[in-house]
Amino acid sequence: MLSLSRSETSYNKPESCRVTIKQIVAPNYCRLTFKSPVVAGAAYPGQFVMVYMPREHKYLLPRPFSIFRLNRVREEVSILFEVKGKGTELLAHTKRGSQLRIMGPLGTGFPALPEGSLLVAGGIGIAPLVFLAAAEGKPCTLIYGARTASQLICPPDDLTLPNLTILEVTEDGSKGAKGSVSDLLPGLVSGAPALFACGPRQMLRAVKALCGHSGPPAWFSMEERMACGIGACLGCAVQTKTGYRRVCRDGPVFSAGEVFFDD
Amino acid sequence: MLSLSRSETSYNKPESCRVTIKQIVAPNYCRLTFKSPVVAGAAYPGQFVMVYMPREHKYLLPRPFSIFRLNRVREEVSILFEVKGKGTELLAHTKRGSQLRIMGPLGTGFPALPEGSLLVAGGIGIAPLVFLAAAEGKPCTLIYGARTASQLICPPDDLTLPNLTILEVTEDGSKGAKGSVSDLLPGLVSGAPALFACGPRQMLRAVKALCGHSGPPAWFSMEERMACGIGACLGCAVQTKTGYRRVCRDGPVFSAGEVFFDD
Amino acid sequence: MIKPDLTVNLGGIELASPVLAASGPFGYGYEYLKRIDCSALGAIIVKGVSARPWAGNPPPRLAETASGLLNSIGLQNPGLEQFEKEVMPRLKGMAPRLIVNIVGCDIGEYAEVAGRLDGMEGIDGLEVNISCPNLRAGGIAFGTDPAETFNVVSAVRRQTSLPLLVKLSPNVSDITVIARAAEEAGADGLSLINTLSGMLIDIETKKPLLGNTFGGLSGPALLPVALKMVWQTAEAVNIPLLGMGGITSAEDAIQFMMAGARAVALGTAFFYEPEVAEQVAEGLRGYLEKHEIDAIGKLEGIARKGGPADAR
Amino acid sequence: MIKPDLTVNLGGIELASPVLAASGPFGYGYEYLKRIDCSALGAIIVKGVSARPWAGNPPPRLAETASGLLNSIGLQNPGLEQFEKEVMPRLKGMAPRLIVNIVGCDIGEYAEVAGRLDGMEGIDGLEVNISCPNLRAGGIAFGTDPAETFNVVSAVRRQTSLPLLVKLSPNVSDITVIARAAEEAGADGLSLINTLSGMLIDIETKKPLLGNTFGGLSGPALLPVALKMVWQTAEAVNIPLLGMGGITSAEDAIQFMMAGARAVALGTAFFYEPEVAEQVAEGLRGYLEKHEIDAIGKLEGIARKGGPADAR
Ligand SMILES: Cc1cc2nc3c(=O)[nH]c(=O)nc-3n(C[C@H](O)[C@H](O)[C@H](O)COP(=O)(O)OP(=O)(O)OC[C@H]3O[C@@H](n4cnc5c(N)ncnc54)[C@H](O)[C@@H]3O)c2cc1C
Ligand SMILES: Cc1cc2nc3c(=O)[nH]c(=O)nc-3n(C[C@H](O)[C@H](O)[C@H](O)COP(=O)(O)OP(=O)(O)OC[C@H]3O[C@@H](n4cnc5c(N)ncnc54)[C@H](O)[C@@H]3O)c2cc1C
Ligand SMILES: Cc1cc2nc3c(=O)[nH]c(=O)nc-3n(C[C@H](O)[C@H](O)[C@H](O)COP(=O)(O)O)c2cc1C
Ligand SMILES: Cc1cc2nc3c(=O)[nH]c(=O)nc-3n(C[C@H](O)[C@H](O)[C@H](O)COP(=O)(O)O)c2cc1C
Ligand code: FES
Ligand code: FES
């Protein structure tokens, strides 16, 4: 179990890091591990890194990825991502041993996890929750859902944690229970002291509805398009009870009650 | 000696070619060899190829390079280039075995070379003249000039042709005779049945002046910025006696009397 | 699986494909048409033609910028007579449909060119370039002023019964004002956008990189600007639009159609990929099949409030 | 070897470096200034401030385009009061020089903001944003009309004795007309350019990608457009220019200076490289040393005919 220091914010710049492991974990899904004493030394669950594109490319913006695994001893940090567009496609072609610029750790992550918490992951939303479970080491239950089996791609080596009970669910029943995260939740939510979720907007919306007023405190890791990643440009706004807030600085983790999903 | 077919124009599209040899011949100078049956099968001296940039890059335009060597048997074509800007820098980082898109052969090259001709190369202008000398096989003399020794970078293996007498000249005297191409020319030009030159504008201007009215017919390989490379866009205009003409289609080789250098 | 219909009618010109070659980059077409299969192209719009020959601008005429190209060709062209005698015969049977881009130093020249082309065989439509930013004494004035736009388009309209497109300049505060002036003057359709005015400086020579100082910016760099102008213009006029500006893929083309373009033209993309028209047409077909849309026309304007634009 | 002088005077503001942070991308500065060494920056121009808080536009507010960025932040800001109470104290001692960008819904709001800032300690100058294309009811009208420009700048001028920059919009037919109006109204300098108006469409949802439909294009894509506008404006006015638009390197910055800018600002470049200001300043120094030029001011306008601009 790692000790976490959630109060500190580190003010790092992008640094060039060696890719020590590159793994295509499934078609369209890739895991990259970087050597980064800076990120590995300071990150806590729910935080993210910005990965920069090569200079000669026409893509200007760095891409945000949750920290998926962290190894303080080896000073390594891993991300797990889905190939969605041009940037992630390029990243999936990175070769082991090459150098990529990354900046981090960034953002305000998850609060401390009480024993017996419920983690809810939709598809690639698994990434920050694995870090959370691994770092805290307390017994907890993970609902890991997706549309179909080919989207439940988290490598077993990363997912097999002694403290983690895993319930898989797919909409087409191709793996685990058949149904959606919302089908499993009602039975589990009432006993949990806290809930931590990451996944598609519709899933988060459903989770929020199910938690309602009487449910446990819930924490969501949100996504929005980013430019600076450090809170300067106001590009990554999400609508909250208190107005627009920045995913990159005020989040990416917000309390469920705070964020709106009406769109 | 290769047989040349100067009358034909081939209407090729860009094709992806493997880089079979990559050689940094000197600091800032690179030689690339491509496997291209299409180009190797059709090219004659003075023609050029367009080399395309990778799609994700912000550079849109292909770069023109003279054909430097050709091997019909191995179906290979080589270019020799100086790193000037972003495109050539990228090309100099190409790895052996990688694929690059090239289009060619393009343009109207040199006419047939009479025995005893004079070839005049300034710096990297050596490239098309080596192909000319190697392809024709007839005895001829090459004046190979540059500001300083480090710019006389043509690999000896390529330059050592049985039919070629080489006179090197540098402005600072660091290699060969001290002086400029124009210092050597007067003694040689009158005896030559034809002159073929490629190099910086100032050099070509001086050569043109020295040939004058009484000199031998002279042919210059010209440079201009290009977009299409095939004669469509009118981007590569040079001023000639008969108005603007296209370097990529009407040239790159023009008769010295035809082109103007007053700028 | 449906076989989607790619035909569109662009202001009276029936096109087998909504993908066109924009005026200029494609020249008069033969250089490209010898290399590529032209069946993917609905029409080619040939380089601007004036009454008498124009020499064009001094070199350098090209400069590369980030994801863009600056050009200052200066509408070099051999003039109407040579165009008729030498260019037209070579294009016979080669091009799918032929639209001729016309330019002039004054209204008289525009009208003269239009009148002479009206009678020429093998021409399917005209495109009036009121917008080229390259030529010092040229089109720029017309395309940035609604009254001048109205005058030149009216003059051309009187000379021809061919389908008439008017090509708009993006170097204006409000493109819809110019668009409406062209529509009122009798345009059957609008082409947009021409290049954005720009320049580069060579910091070693300390001089502008282009021989003409200023040039026109084309390529992916300006796509978002072009797309917005198509969107705005589609809301302002009732004639079909030919969208262009930085298109290099089917995804780009679809964005223009969803913003309100009936068809699209490719320019700078040919420099990078001579076969781009095939790729775009193929991609359009694939998108329609995947989304089970039976005709390309159904995309027109669907991203704008109110859904499918009035289908004409 | 000479040690070149990088200081410039921008309309009354003495700057130790001609490299500034443009308004917006750099926020209020603290996030970046905690990470980078600010000694390379001559000044930071903080994000637009209005009289009362502005909420900004609905997300998504960002979209990436080829070599460019579209944003529709919508001038979100906490308003003057919070700016004074919370932002200013945090900036104390942090920034080299501080220029405050001001925005308003009407002339009254502009004037109100200017008046209140005039008295505030620690502010070295104002930049009036008459050009932001993001805000529906906002600056756009002023910056595209010379009379409105004159009115708003005059109103601000009456309220402040601070050095006054006016930030121009590129979405106009002729930027020199607006530039002259701002000069006549009492501007001490001009900032140009703001973002070009643009948009993108998501072809899967069939809707505009930005929550606000339209956004402003920044980044290298628009550099040639910005450079030309600086060149033209430099010929039209007698006050110094702050050039910006797509600058990411010293070479880019030098082009703007040679076109006529006294200083340059960096915006989008910070997203790619937080340390870009150091790199640009270092590159400027290197260029001057290599070319044995003793002061950066000597580059101003040298690419324009007539050589060195009138040195003020
Ligand atoms: C805090 C945070 C953590 C994230 N963690 C992960 C993760 O662990 N694994 C993973 O697979 N993905 C994660 N994402 C989403 C990931 O950033 C996007 O999938 C990725 O940026 C897409 O880039 P692209 O170039 O492939 O897509 P393109 O569509 O080509 O990108 C265009 C632009 O849009 C932005 N963009 C596109 N989709 C998203 C998105 N969903 N969220 C934010 N920006 C987007 C890109 O960054 C880029 O600037 C995270 C996003 C955020 C905000
Ligand atoms: C017919 C022809 C044959 C050539 N053969 C050779 C050769 O064999 N070896 C060699 O080293 N160079 C040759 N050149 C010059 C070579 O094309 C340029 O050096 C190269 O394009 C520079 O690209 P860059 O990206 O490094 O420079 P950048 O300055 O970054 O390029 C920016 C743009 O300008 C163009 N450009 C820049 N300089 C030139 C130039 N001198 N000529 C044409 N376009 C230019 C580029 O193609 C590109 O579009 C030839 C040029 C022509 C026209
Ligand atoms: C080299 C070149 C030449 C052009 N010549 C013309 C022309 O003669 N007439 C015209 O109306 N537009 C001309 N254009 C503008 C294009 O037709 C088109 O409007 C513009 O390039 C934007 O599209 P693109 O980004 O796809 O190239 C030219 C563009 C380029 C790049
Ligand atoms: C995210 C973002 C926010 C911006 N906000 C403002 C602003 O509040 N006020 C303003 O005058 N300009 C604003 N701008 C415009 C920039 O100051 C600058 O004029 C423009 O981005 C061009 O420069 P660049 O290409 O270097 O970014 C903003 C630009 C961006 C990208
Ligand atoms: S990405 Fe800039 S504030 Fe969040
Ligand atoms: S490069 Fe297009 S005509 Fe020569």
Side-chain angles (χ1 to χ4, degrees), chain A residues 8-16 38 50-64 84-88 101 103-104 106-107 201 222-240 242-251 259-263, chain D residues 21-37 44 46-48 53-78 207 209-211 215 218-221 246 248-249 267-276 278:
Chain A
E8 293 162 23
T9 307
S10 50
Y11 296 108
N12 302 315
K13 310 177 222 181
E15 51 157 15
S16 193
V38 170
M50 282 294 218
V51 181
Y52 290 75
M53 303 285 116
R55 185 128 223 183
E56 62 273 20
H57 286 190
K58 61 187 168 197
Y59 316 121
L60 292 174
L61 298 181
R63 269 59 177 165
K84 290 239 182 85
K86 302 146 299 183
T88 45
R101 289 168 74 221
M103 176 166 70
L106 299 169
R201 263 184 110 73
M222 305 289 292
E223 285 188 11
E224 199 41 79
R225 284 154 184 269
M226 293 184 180
C228 72
I230 62 172
C233 74
L234 309 186
C236 61
V238 279
Q239 185 71 64
T240 73
T242 52
Y244 287 123
R245 300 193 68 195
R246 301 161 302 176
V247 168
C248 71
R249 195 87 170 83
D250 305 315
V259 282
F260 291 123
F261 292 99
D262 36 54
D263 52 29
Chain D
S23 174
F26 210 69
Y28 293 113
Y30 14 92
E31 306 298 352
Y32 277 105
L33 294 178
K34 278 177 207 151
R35 282 162 209 271
I36 61 171
D37 170 14
I44 69 169
V46 298
K47 215 182 150 32
W54 284 5
N57 284 326
R61 291 177 172 185
L62 299 170
E64 201 187 38
T65 84
S67 298
L69 170 67
L70 274 179
N71 88 80
S72 62
I73 311 296
L75 297 175
Q76 177 181 339
N77 84 88
K207 283 190 202 149
L209 223 150
L210 295 174
S218 64
T248 65
S249 67
T268 304
F270 285 108
F271 301 147
Y272 183 81
E273 175 54 89
E275 294 182 289
V276 67
E278 286 95 306

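All values derive from a computational prediction rather than experimental measurement. Chain letters run A, B, ... following the sequence lines, proteins first and then strands; every chain starts at 1. The figures that follow rest on heavy atoms only: side chains count, while hydrogens, waters and symmetry mates do not.
- A heavy-atom distance below 4.5 Å is not found between the side chains of D:Tyr272 and A:Pro14.
- When heavy atoms are compared at a cutoff of 4.5 Å, D:Leu33 does not approach chain A at all.
- Of the residues A:Arg225, A:Arg63, A:Lys86, the one that meets the side chain to side chain donor-acceptor pair (under 3.5 Å) test with D:Glu64 is A:Arg63.
- Ranked by heavy-atom pairs shorter than 4.5 Å toward chain D, the options A:Met103, A:Arg101, A:Glu224 are led by A:Arg101.
- Looking at D:Thr65, only its backbone comes within 4.5 Å of chain A, counting heavy atoms on both sides.
- In plain terms, the two heavy atoms of D:Phe271 and A:Tyr52 that are nearest each other are O-CE2, 3.4 Å.
- For chain A, the nearby part of D:Glu275 is the side chain; its heavy atoms alone come within less than 4.5 Å.
- The closest donor-acceptor contact from the side chain of D:Arg35 to the backbone of A:Lys13 lies at 3.5 Å or more, if one exists at all.
- Residues forming a ring-ring contact (aromatic ring centres under 6.0 Å, His included) with D:Phe26 (at least two apart in sequence, or on another chain): D:Tyr32, D:Phe270.
- Residue A:Leu234 comes nearest to D:Ile73 through the heavy atom pair O-CD1, 3.5 Å, listed as atom of the first residue, atom of the second, then distance.
- Of the atoms belonging to D:Pro25, it is backbone heavy atoms, and not side-chain ones, that fall under 4.5 Å from chain A.
- The most heavy-atom pairs under 4.5 Å with chain A, out of D:Gly24, D:Ala63, D:Ala55, come from D:Ala55.
- Here the side chains of A:Tyr59 and D:Ser67 are not in contact, with every heavy-atom distance at 4.5 Å or above.
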Given side chain to side chain contact (heavy atoms under 4.5 Å, CB included), test A:Met226 with D:Arg61 step by step and report yes or no. CA-CA 9 Å; A:Met226 293 184 180; D:Arg61 291 177 172 185; over 6 Å; no

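- A distance of 5.5 Å separates SG in A:Cys233 from CG in D:Leu62, rounded to the nearest 0.5 Å.
- Contact of the A:Val247 side chain with the D:Pro59 side chain is not registered, since no non-hydrogen atoms from C-beta on lie closer than 4.5 Å.
- In terms of heavy atoms, D:Gly219 sits closest to A:Leu60 at CA-CD1, 4.5 Å.
- Take A:Glu223 and apply the side-chain contact (heavy atoms from CB on, under 4.5 Å) test, not counting sequence neighbours, and it matches no residue.
- Counting heavy atoms from C-beta on, the side chains of A:Ile230 and D:Lys34 never come closer than 4.5 Å.
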